[in-house]
Structures are given as structure tokens and as C-alpha cells.
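In what follows, chains carry the letters A, B, and so on, assigned in the order in which the sequence lines appear, proteins first and then strands, with residues in each chain numbered from 1.
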2 protein chains.
Amino acid sequence: MASDHTRSAILAAAERLYADRGFGDVTLRDIVAEANVNLAAVNYHFGSKDELIAELFVSRSIATNRERLRELKAAEEQGGGRAPIEVILRALVGPTLRGCLGPENQRSTAARFMIRASIESVPPIRRIKNREIDHLRKFVGAMRRSLPDRNDVDIYWGLNFALAMAHHTIRESERLTKLSEGKCDLDDVENVVARVVSVATMALTAGRAETRAPARALARDAR
Amino acid sequence: MASDHTRSAILAAAERLYADRGFGDVTLRDIVAEANVNLAAVNYHFGSKDELIAELFVSRSIATNRERLRELKAAEEQGGGRAPIEVILRALVGPTLRGCLGPENQRSTAARFMIRASIESVPPIRRIKNREIDHLRKFVGAMRRSLPDRNDVDIYWGLNFALAMAHHTIRESERLTKLSEGKCDLDDVENVVARVVSVATMALTAGRAETRAPARALARDAR
DNA sequence: GATAGTTTCATACAAGTGTTTGAATTGCAA
DNA sequence: TTGCAATTCAAACACTTGTATGAAACTATC
């Protein structure tokens, strides 16, 4: 079975580099340099570069999903099967935001890697990514239980917007900081989480009549 | 001055391919094949691949910005210097959503190219992208005039979330369709625009006390 | 301590990339 | 038509990429 040392060194180095620089411009030679191993080691241990990426993504994916679900289940059990929508949304976007924003030294390479993966969509990952939908369905279920008289379409849109705000804020954090001249403090992660959750909650709980058929009359007037 | 035919054929082909497949896997040889020109033509007319991308991005960028600003100015003039926040947001996200979603045959390659550019962030584009911030500032100004008693931080966050919802919905439209089993109709673009504008408006106009210090007590309780 | 299996290493390889070159072709003015 | 510049073209170039090879080093079992 051997030491496994090289294997995990490669995984760690690859995750770090991909998280920092994206998949586009990280070569195998970059990875083996970072890991201090020989070039051929990647193909020896993983078969190919794509299989390395896939293994990295799968293992990180199930770890992340497990964490989010743990948080969700705990909340639902505590609430006797129904959690407040804010808590559900917090379980959905909190871990990722916390892992990607905040003080540099406490960001997790895992979270940043997953964000890269969700953005760049490189072939080996795209092939696997379908199962993330099954994971999201569990959140849809919890949201349905939390808001029983909300229709499904609104739930889906609410979920979509919650993820949108979280991911976009992470991706464009630098631009938001620059645009606001530092007035939007992205290091205050809990504030960011609260804002995202607050807006998503509003989207999901706003007056029914308005949200079911969202402001179309107004849309026409505005043309 | 010559015919310019080759030049514009290359630009069109490149835009089409980048819009469809992203920057990652479109080679110079793909472009010249699509444009029916010789390989060397790109370097002859543009100097390098990066300069081709940059020129494409710059020209599309100013065109898009001009359109958004035209819509914004018209609205403000009609309202005597102040436009309703919904109309401002509509001018911000409407054109992009309309250009990227909806029936296949009426999507604009320009809009789809710009979305790719905003996602993949390839080096030649990253170098130019700063001026987009100046463009966004004009929308910040309009939003300030529309909501004079809102503080700047809330404005910035509202703008950020509006763009977040629009872009994310475009990028993940396929996933949302699959997740909702078709119940979220992304071909009904005006409905999508209305939803995004509606939620962003709520984010920007919700009760002051709540949004200024967003639900932090609740956040603590939820842990 | 010899041996067989595993792991490392330097090196080579094939394929693909953007770019360059120099000759051919074209288009246009004198 | 002639001459000259602009443009096109096929081919080659230099470089980087992921992968394969075969020898060397290591490890553990007998």
C-alpha cells in the first residue's frame, strides 16, 4: 500500500493552485513543482490529469455537501421537521461564503476550489456535476416544508437567487470593494451572510400576489 | 484601406465561437476555419490572438454600455432627473438578460460573448476590465438620486445583488431548468427580468432598520 | 542479503498552440 | 500594361502541453 505521501501531496498542491489561479492556467508541471514530486507521478498515481481533477472534485463535493446537509438536518430536527427559512438559507450559503471570504488566513482552499469548479466548468468536472442537482433538491424539500403555502416555482427561484448572490459576491468581491471604495466590508463575513439570507428570505416570503406574477404591469409601463 | 472583409469575418467568427464555447477551448485555427480565412490572417490584421480578443471586448463593451446608458438616461429625463428604482434596475439587467435568454434564434452573440467575458476572465480582458467600474458608477448615481435617503452601502449591495441574480441565472439557466423540471420557464425573458428587478427592488427598499443592520440577532439564534 | 514488486526519476514523445516567414497573389494607381 | 503596395497563403517554427518509457532507487518479504 505504500506511503501515500506523494498522492496526497499532489492532491493538496493541485487544490491549492486551482483554488488560487483557476483551472485554465495551471499545468501539470506547476502542480508537481508545488508538490515537490516528479512529473510522472501524476500519471502514475491518478492515470491522467483529468482523473486527478475528477477525484479532487468528487471528494471535495461530497465533503461540502455533507457539511451543508448536516447543518440543515440539525436545524430541521430542532424545529420538529420544519426549520425557519432563514436557517435553511444560512445552511445553504453560509459555509461557502465563510470558506471563501473573510481574513485571508482562515479561508479554506476547499471552498475556493469548489467555487472555481462551479465557475470554470472544465470537462472532467462537467461530466460529474449532475449529482449536485440531487443535493439541491434536498434543500428544495426543506424550503417547501418551511414555506408550505409557497408554490414550487417561487421556491426554485428563491434558491436560485440565494446561490446567485452568494457566488457572485465571492467571484466579484474585489470589484465590489473597489466600486464601493471599501465601504462594503467583505471581511465581515457574517454581515455578508446576513445580507444574502435577508434578501433571499424577502424574495421567498414577499406578498404572494406580487411574487406569483411578478410586477409585469410595471414592466410594461417602464418600456 | 482595402476591403476589410477578412477583418470583420474574423471578428464575427471569433465572437460567435467564444460566445458558444468560451475562451478556454477555441483555438486560432477554429476561428480561421469558421471565418474561411487563412491562419496567418489573424496575426496580420490584429497582431496577436490577445489583441483580437481585446479589440472584440472593447468594441462590444462600449456598445453594451452605451445601450444601457441610453435606456437609463431616457428614464431619468422622463422622470425629471429621477427615475423609479425599478426602471433603473431594468436598464441595468434587462439588455443582458434579453440578449442571453429567450428563444434561441433571437439571442445576441454580443450579449453572450460579454457574459463569457465576465465569467472566464482571460488575461487580455482582465487588463481592460477596470473601466467597467466607471460605468457602474453611473448606475450608482442614478440609484442614489432615486433613493435619496438610502445609504451608499445599501446601494452598492443592491447593485451587486441585481447583477448577481441576472448573471447567475444566465450562467446556470440549464441547471435551473433541470432542477425545476421545466417549471421555471427561462424562455419567458420578461418574467425573468421582472423577477430579478422585483427582488433587487425589495433588497433596496426594505425597512431601513432591518437592512442597515441585517438580521444579525437572528443569525446568532440560528447557530 | 537476495529477490520481486512498488515507486521515483530523467528523459523522450506526440500533439497542439500561437506566431513567423517568404513567396505567391491580388488590387489599384500611374 | 507596368509597378508597387497590400493582402493571402502554405509551410515551418518555437514552445508548451499531457503522456509514455525504461532504467534507477527504494521497500518489504522470505
Quiz item: Which pairs count as ring-ring contact (aromatic ring centres under 6.0 Å, His included) when at least one residue sits in residues 103-128 of chain A, sequence neighbours excluded?
Solution: A/F23-A/F113
Name every donor-acceptor pair, under 3.5 Å, that has one atom in a side chain of residues 63-75 of chain B and the other anywhere in the protein, sequence neighbours excluded.
residue: B/T64; atom: OG1; partner: B/R60; partner atom: O; Å: 2.8
residue: B/N65; atom: OD1; partner: B/H135; partner atom: ND1; Å: 3.3
residue: B/R68; atom: NH1; partner: B/L92; partner atom: O; Å: 3.0

Quiz item: Which whole-number value in Å describes the distance from B/I31 CD1 to C/dT19 P?
Solution: 11 Å
Exercise. Examine C/dT6: is either OP1 or OP2 under 4.0 Å from a nitrogen or oxygen in the side chain of A/H45? Give yes or no.
Key: no
Quiz item: Who are the salt bridge (Lys or Arg N to Asp or Glu O under 4.0 Å) partners of B/R126, not counting sequence neighbours?
Solution: none
Side-chain donor-acceptor contacts of residues 38-47 of chain A below 3.5 Å, not counting sequence neighbours, with atom names and distances?
residue: A/N38; atom: OD1; partner: A/A40; partner atom: N; Å: 2.8

Quiz item: Which heavy atom in A/S180 sits nearest to a heavy atom in A/C184, and how many Å separate them?
Solution: OG-N, 3.0 Å
Practice problem: Take the protein atom CG of A/D25 and the nucleotide atom P of C/dT17, then report the distance between them rounded to whole Å. | Solution: 17 Å
Exercise. Not counting sequence neighbours, which residues clear salt bridge (Lys or Arg N to Asp or Glu O under 4.0 Å) with B/R144? List them please.
Key: B/D152
Quiz item: If you look at every heavy atom in B/T109 and B/E15, which pair is closest and at what distance?
Solution: OG1-OE1, 3.3 Å
Quiz item: Looking at DNA chain C, which of residues 13-24 of chain B put a heavy atom within less than 4.0 Å of it?
Solution: none
Practice problem: Grab the CZ-P distance between B/R7 and D/dT8 for me, whole Å please. | Solution: 12 Å
Self-check item: Rounded distance in Å - CG (B/L52) to P (C/dT17)
Solution: 16 Å
Result block: side-chain N/O donor-acceptor pairs under 3.5 angstrom for residues 167-175 of chain B, not counting sequence neighbours:
residue: B/T169; atom: OG1; partner: A/N160; partner atom: ND2; Å: 3.1
residue: B/T169; atom: OG1; partner: B/M165; partner atom: O; Å: 2.6
residue: B/S173; atom: OG; partner: B/I170; partner atom: O; Å: 3.3

Practice problem: Mind calculating the distance between CG (A/N36) and P (C/dT8) to the nearest angstrom? | Solution: 13 Å
Quiz item: When the distance from NE2 of A/H5 to P of D/dT27 is rounded to whole Å, what number comes out?
Solution: 13 Å
At a cut-off of 3.5 Å, list every protein nitrogen or oxygen paired with a nitrogen or oxygen from nucleotides 18-20 of chain D, distance to 0.1 Å.
residue: D/dG18; atom: OP1; partner: A/K49; partner atom: NZ; Å: 2.5
residue: D/dG18; atom: OP2; partner: A/L28; partner atom: N; Å: 2.9
residue: D/dG18; atom: N7; partner: A/R29; partner atom: NH1; Å: 2.9
residue: D/dG18; atom: O6; partner: A/R29; partner atom: NH2; Å: 3.1
residue: D/dT19; atom: OP2; partner: A/N43; partner atom: OD1; Å: 3.4
residue: D/dT19; atom: OP2; partner: A/K49; partner atom: N; Å: 2.9

Practice problem: Send over the distance from B/D30 CG to C/dG18 C1', rounded to a whole Å. | Solution: 13 Å
Self-check item: A/D185: salt bridge (Lys or Arg N to Asp or Glu O under 4.0 Å) partners, not counting sequence neighbours
Solution: none
